[in-house]
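One-based numbering, in listed order, for ligands and for the atoms of each. Numbering of residues begins at 1 and proceeds along the displayed sequence.
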Amino acid sequence: MLKYLFGHRSSYLNNETIDKVQSLCRTIENKIDQNILHQQISQLFNCLLNCQSNKSPRMILQEQMNFSLNKSLSQTHAQGIFIDYGEITKAGQLVAIYPGTIYRRHIDPLLLPSIRNTFLLSRKDDLIIDGRDRGISRSIYLSCHARYPLYDRTWLSNDIFLHKNPLTLGHYINHFPFNGLPNVTYYEFDFYFDDNDYDLYRFVPNVRYADIDNEEKGMPSTVLISLRPIKQGEELFSCYLNVIQQEKRS
Ligand SMILES: C[S@@+](CC[C@H](N)C(=O)[O-])C[C@H]1O[C@@H](n2cnc3c(N)ncnc32)[C@H](O)[C@@H]1O
């Protein structure tokens, strides 16, 4: 599968490297406290919602979490995501969110948007997030969004300064290169805000392709979590193999 994705470049992914990366990701994932993550996200979203001054969302992120992200030319392939201000001080920290339309595998029609689409991310619970910001994927996101305009659609803009939520760049993070290791990992997370905090859904960059009966369930998503401290100027790298292995196990 990786050979298909990266051609000869996948040859560095020997069993030893794969085991090392997977065990590192599992160790960090197991330490994540969902409640603390939810609190961090709610706090950031509240600041984004209530900021009275003319501060940009990026500035608010810098103040709240001491880092911000930018998209530029990658070391490995086309565009990638970099820490352009501050730093991530430890492992287990929220770094980005994976935006896009949520499909139910084998139920919602994904055939057309999946053609030549490298932005599909599978969750273990048979949900697939289409984070492509162009073509038919973009049109479908906008159509679904029109049904529920509360959610964020600004992540579709190429100009990151127009993003209402400055974390919505997880879909542009590349797979780690042959001379390095991943510094972030995917972590499945469901946004859920009660009636008092309902407005915070404005910063959720996901919509469901199909309505579900019970909107109480919030919005399934995936966030990116640091595997180690990350300095200013470093590119973010994940391990795509983790996602593929998870798919095989389920
Ligand atoms: C979600 S996109 C990542 C963003 C992509 N760099 C772009 O600018 O569109 C995933 C695709 O990027 C490419 N990619 C990611 N990591 C790579 C790597 N380490 N080496 C080669 N290609 C990579 C592969 O084509 C992969 O299918």
Side-chain angles (χ1 to χ4, degrees), residues 1-18 20-22 24-25 69-84 95-103 105 110-123 127-141 155-163 165-189 205-206 220-228 230 233-248:
M1 179 66 173
L2 274 180
K3 277 221 164 75
Y4 169 69
L5 287 173
F6 306 126
H8 68 280
R9 291 175 207 231
S10 64
S11 56
Y12 67 91
L13 283 172
N14 53 41
N15 285 341
E16 199 189 330
T17 310
I18 293 167
K20 185 172 156 188
V21 167
Q22 291 201 323
L24 174 65
C25 294
L69 305 172
N70 202 352
K71 182 165 68 166
S72 57
L73 196 63
S74 168
Q75 291 172 38
T76 58
H77 172 266
Q79 301 288 297
I81 302 303
F82 295 77
I83 302 285
D84 75 336
V95 181
I97 302 174
Y98 200 100
T101 309
I102 312 288
Y103 289 84
R105 187 197 296 271
L110 187 54
L111 179 65
L112 283 181
S114 71
I115 296 170
R116 303 185 67 162
N117 185 347
T118 61
F119 290 84
L120 295 173
L121 181 80
S122 292
R123 292 190 10 146
L127 295 178
I128 298 171
I129 310 179
D130 180 4
R132 189 160 187 255
D133 53 14
R134 297 184 297 273
I136 191 171
S137 301
R138 180 189 183 89
S139 305
I140 290 174
Y141 188 91
W155 66 272
L156 287 166
S157 172
N158 252 336
D159 181 353
I160 63 156
F161 290 90
L162 296 179
H163 294 180
N165 180 342
L167 290 177
T168 55
L169 289 167
H171 53 322
Y172 272 95
I173 293 174
N174 285 314
H175 179 79
F176 69 98
F178 71 95
N179 57 351
L181 284 171
N183 49 21
V184 292
T185 188
Y186 300 97
Y187 184 77
E188 293 173 15
F189 180 80
N206 304 99
S221 186
T222 294
V223 298
L224 280 295
I225 298 288
S226 58
L227 293 171
R228 61 163 174 81
I230 309 171
E234 280 192 73
E235 179 168 355
L236 300 181
F237 290 114
S238 60
C239 177
Y240 289 4
L241 186 64
N242 274 351
V243 179
I244 293 161
Q245 296 279 315
Q246 280 166 12
E247 264 184 71
K248 277 191 191 156

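Checking only distances, His77 does come within under 3.5 Å of ligand 1, N or O to N or O. In terms of polar-atom proximity, defined here as any N/O pair under 3.5 Å, Asn174 does make such a contact with ligand 1. When only interatomic distances are considered, the shortest N/O to N/O separation between Tyr172 and ligand 1 does not fall below 3.5 Å.
Distance alone, capped at 3.5 Å, places no donor-acceptor pair between the Glu235 side chain and the Gly80 backbone. Side chain of Asn183 to backbone of Phe237: a donor-acceptor contact under 3.5 angstrom is found.
Applying the ring-ring contact (aromatic ring centres under 6.0 Å, His included) rule to Tyr172 yields the partners Phe119; only residues at least two apart in sequence or on another chain are considered. Among residues two or more places apart in sequence or in another chain, the salt bridge (Lys or Arg N to Asp or Glu O under 4.0 Å) test is passed with Asp133 by none.
Residue contacts with ligand 1: Tyr240 is included, with a non-hydrogen atom under 4.0 Å away.
Near Thr118, the atoms of ligand 1 lying under 4.0 angstrom from a non-hydrogen atom of the residue are 1 (C), 2 (S), 10 (C), 11 (C), 27 (O). The His175 neighbourhood of ligand 1 comprises atoms 15 (C), 16 (N), 18 (C), 19 (N), with distances under 4.0 Å to a heavy atom of that residue.
Taking the side chain as every heavy atom from C-beta outward, Asp130 and Asn117 approach each other to under 4.5 Å.
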